Each structure stands twice: as structure tokens, then as C-alpha cells.
Number of protein chains: 2
Amino acid sequence: MSVAEMTRLAVPPSLVWPFAGDASGGVPAGANVELRELERHGSKLRFKRGETLFNEGDPAEHAYRLVSGAVRLCKHMADGRRQIAEFILPGDFFSFGETVEHDFTAEAMSDVVLVCYPQRAMERLADERPGLRNFSRSLLRRRIDDAENHLVMLGRQTAKEKVASFLVLLAQRSHTHENSRLALPMSRQDIADFVGLTMETVSRVLSAMKREKLIELPGLHELVIRDLESLHALADGEE
Amino acid sequence: MSVAEMTRLAVPPSLVWPFAGDASGGVPAGANVELRELERHGSKLRFKRGETLFNEGDPAEHAYRLVSGAVRLCKHMADGRRQIAEFILPGDFFSFGETVEHDFTAEAMSDVVLVCYPQRAMERLADERPGLRNFSRSLLRRRIDDAENHLVMLGRQTAKEKVASFLVLLAQRSHTHENSRLALPMSRQDIADFVGLTMETVSRVLSAMKREKLIELPGLHELVIRDLESLHALADGEE
DNA sequence: CGCCGTGTTGACCAGTTTCAAGATTGGTGG
DNA sequence: CCACCAATCTTGAAACTGGTCAACACGGCG
């Protein structure tokens, strides 16, 4: 099975639209109508694994919703060091509210289908539609929330805790329960650049978790969580 | 001179309102009018050094603007580890758009004066005032931007780079030039919890920078930047 | 003038990275 | 369908960065 196929299977079609499970956050009732209207302005787009959707600094003419595949949003330092700010999974919106230029680079981690919306049209629409405004604001709030939890992870957690946090996040976002197989569309290097470690350390920690029966790795890009409770405990620093 | 006096002096009164220099970000023309209207809903508040303004999880009934002093916004882990997400200086707004509960703890690093605005009133006002909406949105965008740069620092920079980044940020926010004295209202531990290091490492790096004539520390809570260019270079990882 | 909280410095240590072999895996072509 | 190849991942050993622990210094305040 290819990575593209795998990630497409990760989220059943019914969840892709209008909301990906809890991704709606604080979206108020009624927003749905306006989102459908928004949809009229969207056009479909495809990228192949490894392609760059846009670079940090490019003019931000569009916002996006991922339909299938997986995308990473990252920042690059001059010498090549990389920090991934966010993994985008099917159903996720990104780049909303970036009106001037994109403040990160978006790269396809697998073959990708997405819908893009012109920022201008959306702003106009938002001026008359409180529902759309609220939706847009909830996306921004959610992003802040995620980023601030990410700060704690990067700044104050140990290697083991970081990897556990990552796995817990992934499980939450995949609305997956224990013992079911879930997609791991990102490489070890991607995980490392998300949690602020080296590839090697990530690999070692995953191996240790495998030995301790917390997880299984049936394939490089598949994961089974065997003991979510322990992972949560680890992520919260309860040793 | 007390810490309270020092930080009060850090920003001249003229800059405190309506905007603290570049803190306005992308605020459109016209917002000012609506902000003055917003001001009618504000009431003054005081806290003493060390006091907690509110805790993570408290109901978020108010948003704030700092008038004088300095505040830290932080998250705490169960075992006491702490990550500071943001330092609040005079003129800064915080907690905007947190409608349900605060997602961080706010603590006064010095005696503090601030203005608070009821979130409800603001939301009502924002419904009819595009200017206020845009202002509010620009605050959220700015927060995301700051947080994402913070991610790179925490995840991918070395100790020296982290401290340099912190100093550059501080210099920017204090709209200060080389060789002028600027306030350092936070303790070494606060700096450490912002950049993801220990107090000791921060102290060592600062000492090294002093030796290399990049900075001077006339007092524990005062800083003179002697070579901003080199600090920038360090912060950007150019060794 | 002396005390207490905070900051600095040193010696040692632990966790993470680095460097370098190998081992898997998944994709390709025979 | 199998075998091979390249890319990715895993593992080990050594080096290093930053952390820990502990003593000492400083300075702000009574």
C-alpha cells in the first residue's frame, strides 16, 4: 500500500467535510451554512509527495483545506535546521488569516488533494457573515492553543515525553482508540523536527516503547497504540 | 530604584496608548476610533509583584492591556516545570479572544497596573465594528506569529542562540537602540523558562556575552546591548 | 551593617547528539 | 513473483552540550 493510499484511508470520507471531528472547536451552530457558501469559492488542487505547496514569504493569496494525504508546515533556518510547526491531516484547514505572506513553508508528505479558497473572497464574505467570522476566529484560537502546548513540549519535556506527547496528539487527531492501526504518514525525520530531537533519538525512543509494549509498529508508516494510558502519563511527565 | 519604578520608566507614557510602537501590527486605519470606544468599557486594576492575575483554566471573563510593570504568561506542568509563553510589557494586550477559559497563568513580575475589558462587551461591540474586529484579529495573528518563531527557538536553537534570540526580541519590543540602557524586569529563572534552559545556563551564557563585549549588565535588571549586529547573527545561527 | 533572596561559578554527570555501520523496507524492473 | 536497489530506519560507541548539585558572591532592603 502506498503512503498516499494509506493516508487517504486514515479518515473516512464522511468526516472530511464539513468538519473533521473535534477540529471544529468552538464553531457555533449555523456556521455550517456559511461554510457551504464558502465552498463555492474553493477549487481543487493536487500535489505529489515531496512537492512544496508554497514557501515561507510567498504572497498568501489562498487558504486551504486538506482533502487527502498529509502536509507539514515548517520553518527553515539559514543552515538547514528545520522546525515543523504543524502536521496537516485530512479535514484540516490551514493558512487562514495570513493576508500578506505565508509565514511557513508547506510541503506534501504524500500525494495530496486539497481545496483552496481565495483570501480576498473570504474576507469579503466574512464581512457580511458572522458565522464565517466566528469560524475563522476559532481556527486562529485553535492554532494558538496548539502552538502554546507545543511550546511546553519543546521547551520543557524530555525525549521520552516528547515522543509520547506526539503519539498522543496523533491519536487524538486521528480519533483513534487503543489497539487500532493508525497511519503515520510522516518520516522519522519529520517527527524529529516536530518534537525537537534528532531522528536517531526518536527511533531509539520508539524502539524502547515497542519493547515496553506501549506501541507496535507493523510498518514504518503504521502505528498501533497498545497502552494509551501509559503514553498519556508519560506525556504529562508522570514517571 | 525598585523594580516597579524601573519598568514604569521603560516605556514613555506617550507610547502606552493607543499603541506601543510596532505592537499595532496590521491594525487598519480607523481602528483607533473604535479602540477609544472600547476604552469606555475598561477599568483599572493593580497587582503587586509576585501576585497571580489569573490561573490557567479560570473562566476568561476579561481581556487586558498592561499599563505599567511587567507580566509573564506561563504554563505549568504537574511536577512544577514551567514554560513561559510570552512576556507582557506596557502597552501589550493579552488574553484577547479567550472566550471560555484562560489557557495560561498570568503572574506579575513587578508591581503592575492594567486595564481590563469584559469579553462579553467586546464581543458585542465587535459585532457592529469592523475596525475592532480587525484589531482583535491582528492580535491573534501576531500571537500566532510570535508563538511559531518561539517554536523554532525552543526546538532547534542552541543555548547561546536562544539567549541571543531572547535579547534581540527584548530589544525589538523595547524599541531600543544599541548602547542605551533597557529594563530587564524578569529574573534569570524567568528567562530560562522562556528559552527552555536552566537558570545556570542562562547565567553562564550572559557572562560569556559580557566577556565578549556583546552586552553589559550594569545591574541585575538592567541591560545594555553593545553589539546588536552580532546578537542578530547569533540568533540566526550564523556562527 | 548584616541578612536573605537571587545570581554566579565550578566540578561532575546525564541525556542527547554525532558519527558510522548495518538492517529493513518499499519500490522497480526483470 | 522474486530479486535487487536506494532510501530510510535502527543500533552502537564516543563526544558534547546543557543539567545538576553545591559552594560562594552579590546586592537590595531592613
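Naming convention: chains lettered A, B, ... in sequence-line order (proteins, then strands); numbering from 1 in each chain. The structure displayed is predicted, hence computed values, not measured ones.
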(request) Inspect the contact between B:R141 and A:D103 and indicate whether a charged nitrogen and a carboxylate oxygen are less than 4.0 angstrom apart. (result) yes
(message) Base of D:dC9, side chain of A:E200 - is there a donor-acceptor contact under 3.5 Å?
(response) no
(request) Report the residue (A:G196 or A:L217) whose heavy-atom-nearest nucleotide on DNA chain C is the more 5′ of the two. (result) A:G196
(message) When you measure from the side-chain N and O atoms of A:S203 to the phosphate of D:dT10, is any distance below 4.0 Å, counting only OP1 and OP2?
(response) yes
(request) Considering only NZ, NE, NH1 and NH2 on the basic side and carboxylate oxygens on the acidic side, decide whether A:R156 and A:E161 come within less than 4.0 Å. (result) no
(request) Taking the side chain as every heavy atom from C-beta outward, state whether B:F96 and B:Y64 have any atom pair closer than 4.5 Å. (result) no
(request) Take the protein atom CG of A:D193 and the nucleotide atom C1' of C:dT17, then report the distance between them rounded to whole Å. (result) 14 Å
(request) Calculate the interatomic distance between B:R156 atom CZ and D:dT17 atom P; express it in whole Å. (result) 16 Å
(request) Can you tell me the distance, in whole Å, between the CD1 atom of A:I191 and the C1' atom of D:dT8? (result) 12 Å
(message) Please report the distance, rounded to the nearest Å, between CG in A:L197 and C1' in C:dA14.
(response) 15 Å
(request) In whole angstrom, give the distance that lies between atom NE2 of A:H221 and atom P of D:dA7. (result) 15 Å
(request) Using a cut-off of strictly less than 4.0 Å, decide whether A:T198 has a side-chain nitrogen or oxygen near OP1 or OP2 of C:dT16. (result) no
(request) To the nearest Å, give me how far apart CG (A:D190) and C1' (D:dA7) are. (result) 14 Å
(message) What is the distance, to the nearest angstrom, from the CE atom on B:M199 to the C1' atom on C:dT8?
(response) 8 Å
(request) Look at A:T158 and C:dG15 and indicate whether a side-chain polar atom (N or O) is within less than 4.0 Å of OP1 or OP2. (result) no
(message) Quick check: on DNA chain C, is the nucleotide nearest A:A159 upstream (toward 5') of the one nearest A:P218, or the reverse? Name the residue that is more 5'.
(response) A:A159
(message) So, under a plain 3.5 Å distance rule, would you say the side chain of B:R188 forms a donor-acceptor pair with the base of C:dT9?
(response) no
(request) Would you mind reading off the distance between B:M109 atom CE and C:dG5 atom C1', rounded to a whole angstrom? (result) 18 Å
(request) Would you kindly check whether a donor in the side chain of A:R204 faces an acceptor in the base of C:dG15, or vice versa, at under 3.5 angstrom? (result) no
